[in-house]
Amino acid sequence: MTIADRVARPRPYLWLWFVLGSATLVVLGVLIPAARPFAFLGTEIAAVTAIGAGMRLHRPRRMAPWWCILAGLSVPLVANVTWLALGLAGVRFGYPGPMDWFYYLMYPLIFAGLLGLPERGGKGAWRAGTLETGIFACAGAVLYWTVLVDPVLNNLDAELTAAGSFALAYPLMDLLIICGAVRLAIIGSGRTAWNALVVLAGLSLTVGDTTFFIHVVDGGDGRLNLLSASLCWLAGAVLVGATALHPAMSAGGRLADVRRTHPHLMFASYLALVLIVPAATTVSLLTELRAGSIGAVDVAVPMGATAVTLVLLVTRLTQIARIAESRARALVVRGAALERALARQESLQDQLSHQALHDSLTGLPNRLLLRQRVEAALAGGGEATLIMLDLDGFKDVNDRFGHPTGDALLAVVADRLQTGLRAGDTLARLGGDEFAVLLQDVADRDAVTIGEKLVALVRRPVEVGDHRLHTTASLGLRTLDARLSTSEMLRDVDLALYAAKAAGKDQVVSFDERLRAEQLHRTRTVDGLRAAIDRADFAVHYQPLVDLRDEQTVAVEALIRWTPTDGQQISPDQFISVAEDSGLIVPIGAWVLRRACLDAVAWHHRYGVRLSVNVSVRQLREPDFAHVVREALEISGLPAHALTLEITESVLVADGGGQALAHLAALRRAGVKVAVDDFGTGYSSLAYLQHLPIDSIKIDKAFVPVEGPEGAQQVSLIRAIIDLARSLALGTVVEGVETADQARLVHSLGCHLGQGYHFSRPITADAVDRLIAADRLLFDVGHVR
Ligand code: C2E
Ligand code: MG
Ligand code: MG
């Protein structure tokens with residue numbers, strides 16, 4: 001075991017062993033008078049040593065007070081050793097003598113030590129403890145005086161001698177030590193047993209000193225070895241030593257964290273003091289009066305002490321009142337603060353739950369809250385309809401005008417939609433430009449009407465800042481079906497919305513089971529397309545564009561064909577839109593472009609035949625689209641001016657960030673031509689044509705005149721379009737020419753280019769080779785003839 005271990009080992013009963021050991025030594029001293037001085041001195045030395053050992057063992061945080069106490073016990077020891085040594089040498093002192101000054105020194109030293117404990121911490125507790133100590137000390141002094149000292153003095157035949165006055169100083173100084181001990185008990189954090197030891201030590205010294213005082217006053221010799229007093233002094237010293245060895249010693253030096261106040265006990269003790277002190281003073285004064293021996297000291301001492309007691313008591317009570325008042329005030333303040341905090345917490349809670357269930361931009365319920373309401377409606381079993389609405393081309397608004405404008409548009413749309421709904425309906429924003437509505441208690445037909453009303457509300461132009469935005473919305477709806485889950489409901493209504501978009505946007509579509517089948521079909525198509533890209537299951541066919549004047553093929557349009565390995569050819573109408581939605585059109589389109597350029601380069605070089613390739617909006621949104629086109633031209637060797645890109649009107653209208661237009665402008669600068677395909681089926685705003693980077697328009701087959709009364713109307717329409725294009729210096733092609741009559745008519749209207757089954761169906765590259773060669777041959781023969 002190391003020294004440190006030994007030191008650290010707890011010794012809870014060391015103090016008891018010390019007390020028992022010292023007591024044995026004292027008893028030996030009492031029983032063997034010859035050994036008495038040495039036994040008593042030994043006890044004193046043991047007490048001083050115990051303090052030193054206790055300081056080492058317990059290492060209290062503050063050593064100074066313990067050094068004071070150690071010094072306090074050492075002083076009489078030094079005096080006694082000196083006294084004994086001088087006595088053995090034959091030198092004797094009378095009483096009072098120089099040794100008494102050493103003894104006197106003990107009291108202030110121990111008192112200072114006790115005062116130093118506990119260290120000053122919490123101001124209130126320290127002051128209160130000290131005040132209370134003062135009160136008890138003064139009261140004790142009054143009682144001590146009236147009960148003990150005064151009667152002794154009264155019984156004296158003569159005035160108090162110098163020896164008596166010296167002896168009286170001892171018990172009076174004991175009051176200091178008892179005060180210190182009581183104060184520690186009040187404010188220290190030592191255990192009760194430890195405090196009891198301290199108080200007992202003080203009491204032992206007091207009893208010893210009082211006995212000595214009475215003995216001296218009674219005419220005893222101060223130098224006589226008064227056994228009873230000596231035993232009390234020794235007991236005091238041993239008890240002080242024991243306090244240092246007690247395990248609570250280091251804790252005794254600390255201020256109690258929580259002051260133990262017992263209101264009833266305090267009240268009882270104050271009351272007792274207020275009653276007993278004046279009563280004792282009165283009794284003492286009356287006794288003196290009756291004896292006729294009343295003097296100035298008799299009145300001054302008890303009255304002075306009583307007055308001081310009362311002043312301290314009043315001070316303490318004022319302090320208590322002040323503490324109570326400030327605590328009450330603090331409680332009121334704390335109560336108010338608590339109330340405020342609670343209110344804040346409540347509002348924060350409201351805010352948080354509102355935030356969790358609402359959209360921050362529009363303040364509308366969010367997806368989560370909508371789901372909750374749909375769930376409730378499904379459980380309720382009433383007639384309800386779920387609507388999902390999405391703005392058409394919102395991304396472009398964001399790209400073109402910036403997000404703040406987009407946000408403002410959403411806020412206006414949200415407000416408008418709200419005006420079209422009843423109080424019980426829920427309008428929610430699901431995110432981005434997607435809104436949902438839960439219509440409560442509504443029949444199917446009415447739901448469709450409300451949906452149409454909502455779409456019409458969105459269609460009205462919106463003014464945001466300097467911009468006037470034209471936007472539309474697509475809307476899907478579905479009646480709630482209690483057999484389905486909320487997720488299934490949302491999935492179905494989403495399908496209806498998708499169908500509305502696919503059907504051309506700006507419209508309402510109600511869910512029906514076919515949509516689910518179509519969705520399945522779309523998913524399968526996407527899977528098939530993915531596999532087709534890997535396996536190169538695609539081919540490009542070409543349809544001639546013919547000069548109506550001489551029926552010569554001047555260009556060919558590349559049209560993709562997909563023949564799955566295990567199935568029949570699938571028409572582009574069936575898979576292009578799926579490829580666009582899934583983004584697969586980007587790699588597929590790039591492949592078509594390259595394949596077509598490679599095929600067409602020979603036709604161009606030999607016969608001057610040009611190439612048209614269809615391009616989707618989705619492709620034009622890719623940042624590297626122009627690069628892809630240039631690469632196809634470079635690889636194939638086809639000159640840029642021999643290529644025409646066919647785009648649809650939707651590209652031009654919905655090109656938010658201008659990416660598509662930028663690509664087209666760049667490619668046109670390089671010589672590539674741009675044609676608007678299916679003209680007349682899209683937005684049909686003729687006015688914007690002149691501002692666009694295009695070279696020609698392909699008039700949709702829907703405008704090709706047919707037999708019968710509608711024919712006349714179509715003729716006037718197609719003529720108007722051709723005239724307009726000419727005025728804008730745009731070339732024209734008419735698609736879907738199926739008969740010779742149609743070809744002649746179109747020609748007569750001023751359009752020189754036609755495309756259609758009348759001239760040729762889309763054919764393979766080899767067939768194009770043969771066709772063009774035959775064409776030229778015929779043409780040349782015709783010319784020769
Ligand atoms: P489009 O660009 O307008 O192509 C013309 C479509 O009309 C072709 O259908 C063609 O076969 C058809 N057609 C030609 N002459 C006649 C006629 O006299 N009468 C009738 N009723 N139809 C005629 P196809 O090949 O099925 O292509 C359909 C659409 O698919 C194309 O319309 C085009 O928008 C798209 N498409 C085809 N290939 C591609 C491609 O490689 N990329 C992209 N993005 N779209 C393509
Ligand atoms: Mg086309
Ligand atoms: Mg077309």
Side-chain angles (χ1 to χ4, degrees), residues 504 525 529 532-533 536-546 548 553 555-563 568-600 610-622 625 628-629 632 643-651 660 673-682 694-706 731-743 745-746 753-765 767-768:
T525 308
L529 281 174
I533 293 173
D537 282 346
F538 298 109
V540 181
H541 286 194
Y542 300 90
Q543 187 176 34
L545 272 74
V546 173
L548 295 173
T553 299
V556 288
E557 178 180 1
L559 294 162
I560 190 169
R561 293 293 175 261
W562 175 25
T563 317
Q568 290 208 318
Q569 195 178 77
I570 303 173
S571 124
D573 286 331
Q574 280 178 288
F575 69 84
I576 290 291
S577 64
V578 178
E580 283 172 345
D581 289 348
S582 60
L584 291 174
I585 192 69
V586 175
I588 294 173
W591 177 82
V592 170
L593 200 63
R594 193 182 278 203
R595 179 71 261 151
C597 287
L598 286 169
D599 286 342
R610 304 164 34 76
L611 171 70
S612 286
V613 179
N614 294 288
V615 173
S616 290
V617 188
R618 188 70 179 69
Q619 284 170 273
L620 280 160
R621 287 210 176 128
E622 292 296 302
F625 175 73
V628 170
V629 175
L643 177 68
T644 300
L645 299 178
E646 293 190 8
I647 56 168
T648 52
E649 288 165 278
S650 58
V651 172
K673 304 272 181 290
V674 177
V676 175
D677 202 356
D678 305 336
F679 186 81
T681 56
I694 56 169
D695 303 279
S696 58
I697 55 174
K698 290 184 80 176
I699 301 166
D700 192 75
K701 42 187 170 281
F703 295 90
V704 176
V706 289
T732 44
V733 182
V734 174
E735 298 182 277
V737 179
E738 292 184 347
T739 63
D741 285 348
Q742 285 173 338
L745 180 69
V746 166
L753 283 177
Q755 181 182 355
Y757 297 162
H758 169 63
F759 308 108
S760 167
R761 288 193 169 255
I763 50 178
T764 61
V768 173

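Note that ligands are numbered from 1 as they come in the structure, with each ligand's atoms numbered from 1 the same way. Everything numeric here is computed off the predicted structure, so don't read it as measured data.
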Worksheet item: What's the verdict on side-chain contact (heavy atoms from CB on, under 4.5 Å) for Q569 and W562, showing C-alpha distance, side-chain angles and the deciding distance?
Response: CA-CA 6 Å; Q569 195 178 77; W562 175 25; over 6 Å; no
Discussion item. Closer than 2.8 Å to the Mg ion (ligand 2): does that hold for any N, O or S atom in E557?
Written reply: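 Given the 2.8 Å cut-off, E557 counts as a ligand of the Mg ion (ligand 2).
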Worksheet item: Hey, is there an N, O or S on S612 sitting under 2.8 Å from the Mg ion (ligand 2)?
Response: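 For S612, the answer is no, given that no N, O or S atom comes within less than 2.8 Å of the Mg ion (ligand 2).
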Worksheet entry | Derivation and outcome, side-chain contact (heavy atoms from CB on, under 4.5 Å), residues V540 and L559 | CA-CA 6 Å; V540 181; L559 294 162; over 6 Å; no
Quick check on contacts: which atoms of ligand 1 are under 4.0 angstrom from a heavy atom of [X]?
X: S616; value: 44 (N)
X: G756; value: 15 (N), 18 (O)
X: E738; value: 17 (C), 18 (O), 19 (N), 20 (C), 21 (N)

Which is it for [X] and ligand 1 at heavy atoms under 4.0 Å: side chain, backbone, both or neither?
X: D678; value: side chain
X: Q543; value: side chain
X: T648; value: neither
X: R561; value: side chain

Heavy atoms, side chains only, cut-off 4.5 Å: are [X] and [Y] in contact?
X: L753; Y: V734; result: no
X: S612; Y: V556; result: no
X: F625; Y: V615; result: yes
X: F759; Y: T553; result: no

Discussion item. Checking side-chain polar atoms at under 3.5 Å, does Q755 have a donor or acceptor matched by the opposite partner on K701?
Written reply: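 Side-chain D/A pair, Q755 to K701: absent.
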Item to complete: From the options P544, P762, P572, S571, select the one whose nearest heavy atom is closest to atom 27 (O) of ligand 1.
Response: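 It is P572 whose heavy atom sits nearest to atom 27 (O) of ligand 1.
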Worksheet item: Should one rank R618, K701, E557 by closest heavy-atom distance to atom 7 (O) of ligand 1, which comes out on top?
Response: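 Checking each option, the heavy atom nearest atom 7 (O) of ligand 1 is found in K701.
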Does an N or O anywhere in [X] fall below 3.5 Å from an N or O of ligand 1?
X: V592; value: no
X: Q755; value: no
X: H758; value: no

Worksheet item: Are H541 and ligand 1 in contact, using a heavy-atom cut-off of under 4.0 Å?
Response: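 The answer is no: ligand 1 sits nowhere under 4.0 Å from a heavy atom of H541.
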Worksheet entry | Working for side-chain contact (heavy atoms from CB on, under 4.5 Å), residues D677 and E735 | CA-CA 9 Å; D677 202 356; E735 298 182 277; 3.3 Å; yes
Item to complete: Would you give the angle at the Mg ion (ligand 2) between E646 atom OE1 and D677 atom OD2, to the nearest 10°?
Response: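 OE1 of E646, the Mg ion (ligand 2) and OD2 of D677 span an angle of about 90°.
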Fill in: Derivation of the side-chain contact (heavy atoms from CB on, under 4.5 Å) call for H541 and R761
CA-CA 9 Å; H541 286 194; R761 288 193 169 255; over 6 Å; no
Worksheet item: Counting only heavy atoms not in R594, do more than 12 fall under 6.0 Å of its CZ?
Response: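 Result for CZ/R594: open.
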